Number of protein chains: 2
Amino acid sequence: MAATIKDVAALAQVSVGTVSRYLNGYEVSETNKRKIDEAIRRLDFKLNPVARSLKTSKSMTVAVVVPALANIFSMSIIEGIERHLDQYGYSVIVCDSQSDVQKEKSKLQFVKDKYVDGVVIMPTGSDGTHITEVLGDELPAVLMDRLVEDVKLDAVLVDNVNAVYQAVERLITLGHRRIGMITGPKDIYTAKERQEGYRRVFVDYNLPIDENLIRYGDYTEDTGYKLMSEFMRLDCPPTAVFVANYEMTIGAIMAVNEFGIQIPDQLSLIGFDQLELSKLIKPSLSVVVQPMAEIGQKAAEMLYQRMRGNCDNFPQVIRLKAHFIEGQSIKRL
Amino acid sequence: MAATIKDVAALAQVSVGTVSRYLNGYEVSETNKRKIDEAIRRLDFKLNPVARSLKTSKSMTVAVVVPALANIFSMSIIEGIERHLDQYGYSVIVCDSQSDVQKEKSKLQFVKDKYVDGVVIMPTGSDGTHITEVLGDELPAVLMDRLVEDVKLDAVLVDNVNAVYQAVERLITLGHRRIGMITGPKDIYTAKERQEGYRRVFVDYNLPIDENLIRYGDYTEDTGYKLMSEFMRLDCPPTAVFVANYEMTIGAIMAVNEFGIQIPDQLSLIGFDQLELSKLIKPSLSVVVQPMAEIGQKAAEMLYQRMRGNCDNFPQVIRLKAHFIEGQSIKRL
DNA sequence: TTGTAAGCGTTATCAC
DNA sequence: GTGATAACGCTTACAA
C-alpha cells in the first residue's frame, strides 16, 4: 500500500498535523522540515489528492464541454486550456456534447456531480437556461466562442463581425456585388455574428442585399457542399462566395471541384478557420482565421481567476480579433 | 450545503448503511426503497464521488496522454475513447506530452498521483522504460498507435506494413520504379513499420531499393515540405512519392504546389491519414487512411476490461486495418 | 434485510 | 510551532 501522511508522521516522529502543515506551506521548524523530508523520501510518500479533495472540496480538475471533440477548432482550444492550466496543477476533463443540448446538459450535470472546480463551455444551441440551471452560480464557468441567451457568464469570443466585414469588404472593393454567403444556423451566435458582418458591409456601402444569396447551413461539410452546389446551379450564380466556418468550407471546395469551377476565374472564394487550407489548395485560399490557441488560453486564465475567487467585473467578455488572410482565390471582377 | 447520505438516512428514517446499499444496488426492502427515493428527491441528493473514491480507491476517471492534442489523429482517437467510456460513467482527462519524453513521464506521474483508474498512451520516443517505471503494474494502461521498447502492455495498433505495402505496390504495378518515400524518425514505431511496408514491396518484386529515395523527416509539416523539395531538386527525381504521415503530407503538397509540379502528370503522389484531403485537393489525393475512431474505441474497450480486472491474455495486441484509397493523384508511367 | 461503527487520508480547530 | 482529534461523505464488515 501507498504510504500515508500518518506513516510519514510516525517515521519522522512528529504529528500528522505538522506533516500536513508542512505539506501545505505553513511554517515548521527546520528540524522537523528535515525529518519530514527524509521520511517522505524514504517512504516515497505521495499526498492523496482524493482525501484532500474530500476535505477541501477542491478537485483541481476542470471540465471542457464542446459540441464536438474531433475538429481542429475544439482541440486547438483544448490544447490551449490544458497547457495553461497545467502550470497550476489542474487537469482537464473533456466532454463531447455532440451538438445536442440535452447531452450538453447531462454532461454538465455529470462533471458538476464529479465536483470539478470549474468548467469552460462552447455552448450548443441558442438558449442557455439549462446551463445556469445545472451549474447554479457556485461553480465558476466561462463560455467560449458563442454567447447564449439567458446566461450571465464570463466569455471569450472572437470578433466575427469585423473579421467577416473585412473579408466581404475586400470582395466589394474588387468589384463583386453578387456575393454569396454560406452561413450557419440562424440560432447560433457565431453564425449570427458572421452574417451581421456580411450585412453591415452592404449597408455601409449602400448596396442592396439579395436574401437569395444568403444560405443557411448547419456548419457541417455536407451543407457546405449542398449550398455551394445550389449556388452553382443558379441561373445567375454569385461571382464570389464567403463560407462562414471550416467544415462548410471543405464541403464548398468539394462542390467547386466537382463542378469544375475555376477559382478565382469563375468564382472568388473565401473560407474560414484553417490557415492550412490556404497553403494546401491551389490557388491558395483566402481565409478568415481565428486565434484558437489564444481563445483557450484566455478562457483558462479567466476561469483560473474565478476559481481563485477573483470576482472582478463579472461577467466579463473578452473579444479576440480574427484575421482575414488574402490568398489567390479571389480576383478583381 | 449539498445533502449527504446522512441527511437522506435521517429524512427516510433508515440508517446510512441502508441508503448506501440501496445506492450501490444491493437489496433493500420495498418500503425503504420508496422512503429513500422520496428523501433523495426531496433533498436533491447527489452522491459525493470524492468521498466514494476515498473509500473505494476508484476515481472513475481515465487519462489519455498523447504527443499533441491539436491534430486530427489524436482528436479522433480521444473522441472515440470519450464516447466509449462515457457509457460506463468514466470521465476522460487529456494530457499533452508535447512529444517530449520527460513531459510524458511527468504527465503520467501526475495522473497516477491523481488516482486515475487507467491510462491510454500514445507514446512518444522509442523507449518506454519510463512508462513502466511510473505506472508500475498496478495501474491498467494501454498503448496505442505505437509500440515502444521494454514495455509489456496491451496495445491497439494499425497494420501499417500492409497498408503501405498496398499503396506502394500499386505504384509499382503502374510502372513506377523510382518511388520516393518520406517517412518518420528512425526510432518511431509507426515510421519503422511504414518503411518496412515500402521495403517489402521492393523485395517481393525483386527490385533494388535506392536508399537515396528514402528520406527521414520528423512527422512535421516542415520536414514534409523540406524533403519533398529535396526530391524535386534531384537530377533524377522520383516519378512517385509516398508520404508516411499527415503533417508531412501537407508539407509535401505545399512544396509540390510551390514548384509548380503537375500531379499526376509530373509526379504521382500518395499521402497519409486524411480522407478529407483526398476530396479537397485537385486532383483527388490517393491516401492511406487509418481507422482513428476505431483505435480509440478499441483502446477504451480494452482499458475498460482491464480496469474491471479482466486479465485475459495479457498483453494483448490488437491490429486494425488501414486502407489504401486511390484517387487521381497517381498515374501509369 | 437492517443498524452500528470503523475506517479511507486528509485538513483544520483546538489547546498547549 | 506542535500534537491530539474531530470532521469531510462515503463503504463495508459485523452483529443483530
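Letters A, B, ... mirror the listed sequences (proteins, then strands); counts begin at 1. If you're wondering where the values come from, they're calculated on a predicted model, not measured in any experiment. Note that these values count all heavy atoms, side chains included, but never hydrogens, waters or copies made by symmetry.
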Check the phosphate of C/dT11 against A/S20, side-chain N and O only, distance under 4.0 Å to OP1 or OP2. Yes or no?
yes
Under a 4.0 Å N-O cut-off, is there an ion pair linking B/K107 with A/D86?
yes
Before accepting this row, confirm whether a basic side-chain N of the pair A/R306/A/D117 lies closer than 4.0 Å to the acidic partner's carboxylate O.
no
Does this structure show an ion pair linking A/E27 with A/R21, if we count only N-O contacts that are shorter than 4.0 Å?
no
So that I can tick it off, tell me whether A/D37 and A/K35 are bridged by a salt bridge, with the cut-off set at under 4.0 angstrom between side-chain N and carboxylate O.
no
Is there a side-chain polar atom (N or O) of B/T18 under 4.0 Å from OP1 or OP2 of C/dG3?
yes
Gap between atom NZ of B/K298 and atom CG of B/D154 - 0.5 Å precision
13.5 Å
Is a side-chain donor-acceptor pair under 3.5 Å present for B/Y219 with B/T190?
yes
For residues B/K114 and A/S91, is any side-chain donor paired with an opposing acceptor at under 3.5 Å?
yes
Rounded distance in Å - NZ (A/K6) to P (C/dT10)
10 Å
Among residues 45-55 of chain A, which contact DNA chain D at a heavy-atom distance under 4.0 Å?
A/L54, A/K55
Value in whole Å for how far the P atom of C/dA12 lies from CD1 of A/I5
11 Å
When you measure from every atom of DNA chain D, which of residues 22-43 of chain A have a heavy atom less than 4.0 Å away?
A/V28, A/S29, A/N32
Pairing donors with acceptors under 3.5 angstrom, does anything connect the side chains of B/S20 and B/Y26?
no
Sub-3.5 Å pairs of nitrogen or oxygen atoms, protein against nucleotides 13-16 of chain D:
from: D/dA13; atom 1: N6; to: B/R21; atom 2: NH1; distance (Å): 3.4

When you compare the side chains of A/Q297 and A/E301, does any donor N or O come within less than 3.5 Å of an acceptor on the partner?
no
Pair A/Y90-A/T61, side-chain contact (heavy atoms from CB on, under 4.5 Å): steps then yes or no:
CA-CA 5 Å; A/Y90 283 89; A/T61 302; 5.8 Å; no
Just checking B/T4: base, sugar-phosphate only, or nothing, at a heavy-atom cut-off of under 4.0 Å?
sugar-phosphate
Separation of B/M144 CE from B/I121 CD1 (nearest 0.5 Å)
9.0 Å
